[in-house]
Amino acid sequence: MTIFKKIIDHEIPADIVYEDDLCLAFRDINPQAPVHVLVIPKKEITAVDALTETDKDLVGHIFLVLQKLAKELGLSDGFRVVTNNGLAAGQTVPHLHFHLLGGRAMGWPPG
Ligand code: 5GP
């Protein structure tokens with residue numbers, strides 16, 4: 001079981017900014033920008049490479065939640081959505097998650 005599953009089950013605390021039947025959004029414990037929220041499916045999926053056809057609606061739903069949160073959190077100037085897949089990409093928690101980052105100018109390419 002991952003730490004994110006414990007957050008989904010409300011077994012450990014998190015600064016939750018949004019929740020519905022399919023997903024949960026909470027502030028990253030180690031923020032890399034003034035706004036840094038993680039949006040995760042409640043379904044246990046390890047990463048992008050574990051997605052299947054059955055997850056299409058779920059992923060689409062998560063992106064609409066990301067859009068709504070970006071508006072609500074005041075990121076009208078721009079924001080970034082990041083998902084790391086696998087160790088080489090820097091994924092540290094094996095539960096699919098989308099970083100919503102904003103509130104500062106972003107560099108490119110990412111590190
Ligand atoms: P990854 O490196 O896997 O793409 O991102 C995992 C993210 O989860 C990191 O940005 C890390 O700071 C965050 N994180 C890890 N454990 C916790 C936790 O217990 N609570 C919260 N709110 N964030 C966490």
Side-chain angles (χ1 to χ4, degrees):
M1 179 187 284
T2 68
I3 192 101
F4 288 179
K5 176 64 174 157
K6 290 183 181 168
I7 291 174
I8 291 165
D9 292 341
H10 297 275
E11 282 176 18
I12 65 165
D15 186 355
I16 293 171
V17 296
Y18 178 83
E19 179 168 13
D20 63 27
D21 288 349
L22 296 175
C23 69
L24 185 68
F26 53 94
R27 291 189 193 272
D28 197 293
I29 205 166
N30 182 25
Q32 301 302 312
V35 174
H36 187 173
V37 166
L38 301 172
V39 184
I40 70 174
K42 289 188 170 177
K43 179 179 174 184
E44 286 188 277
I45 301 169
T46 55
V48 170
D49 62 9
L51 287 167
T52 67
E53 285 284 319
T54 57
D55 300 316
K56 281 195 300 194
D57 288 352
L58 173 60
V59 173
H61 174 73
I62 286 173
F63 268 80
L64 291 176
V65 169
L66 286 160
Q67 179 197 64
K68 169 185 151 68
L69 287 174
K71 278 190 194 126
E72 286 180 5
L73 296 170
L75 305 181
S76 55
D77 286 348
F79 58 89
R80 186 169 289 173
V81 175
V82 173
T83 184
N84 296 319
N85 187 102
L87 289 179
Q91 184 178 6
T92 58
V93 180
H95 183 119
L96 181 65
H97 51 281
F98 297 88
H99 299 256
L100 173 63
L101 297 149
R104 66 166 170 82
M106 301 281 165
W108 192 264

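Remember, it's a predicted structure, so these values are computed and weren't measured experimentally.
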ask   = Got a sec, which pairs hit ring pair (Phe, Tyr, Trp, His ring centres under 6.0 Å) with one end in residues 51-80, sequence neighbours left out?
value = Phe63-Phe98
task = Check whether any side-chain heavy atom of Gln32 sits under 4.5 Å from a side-chain heavy atom of Asn30, and report yes or no.
result = yes
inquiry  = Taking the side chain as everything from C-beta on, heavy atoms only, tell me whether Ile7 gets closer than 4.5 Å to Ile40.
reply    = no
ask   = Ignoring hydrogens and geometry, is there a side-chain-to-backbone donor-acceptor pair from Asp9 to Glu11 under 3.5 Å?
value = no
ask   = Is the shortest distance from a Lys or Arg side-chain nitrogen in Asp55 or Lys43 to a carboxylate oxygen in the other one below 4.0 Å?
value = yes
query = Distance-only, no hydrogens or angles: does the Thr83 side chain make a donor-acceptor pair with backbone N or O of His97 under 3.5 Å?
reply = yes
ask   = So, do Glu19 and His10 sit near enough that their side-chain heavy atoms are less than 4.5 Å apart?
value = yes
ask   = Does some side-chain heavy atom of Pro41 sit less than 4.5 Å from a side-chain heavy atom of His95?
value = yes
key: Sidechain-backbone polar pair: Asp49 side chain, Asn85 backbone, donor-acceptor under 3.5 Å   = no
inquiry  = Contact between Val37 and Val39 at the side-chain level, heavy atoms closer than 4.5 Å - yes or no?
reply    = yes
inquiry  = Is there a continuous path of hydrophobic side-chain contacts, each under 4.5 Å between heavy atoms, that joins Val93 to Ile12?
reply    = yes
Test item: Val48 and Asn84 side chains (from C-beta on) under 4.5 Å apart, heavy atoms = no
key: Side-chain donor/acceptor of Lys42 to backbone N/O of Asp20, under 3.5 Å   = yes
ask   = Hey, is the main chain of Thr46 close enough, under 3.5 Å, to the side chain of Gln91 for a donor-acceptor pair?
value = yes
task = Might you confirm whether atom CG of Leu64 has over 12 heavy atoms from other residues, nucleotides or ligands at distances under 6.0 Å?
result = yes
key: Pairs satisfying ring pair (Phe, Tyr, Trp, His ring centres under 6.0 Å), at least one member in residues 26-60, at least two apart   = Phe4-Phe26, His36-His99
task = Go through the structure and list residues passing salt bridge (charged side-chain N to carboxylate O under 4.0 Å, His left out) with Asp57, not counting sequence neighbours.
result = none
Within-4.5 Å side-chain heavy-atom neighbours: Leu96 and Leu51 = yes
key: Same apolar cluster (I L V M F W Y, side chains within < 4.5 Å links), Ile45/Ile62   = yes
message = Is any side-chain heavy atom of Tyr18 closer than 4.5 Å to one of Leu24?
response = no
ask   = To the nearest 0.5 Å, how far apart are CG in Asp21 and CG in Leu58?
value = 11.5 Å
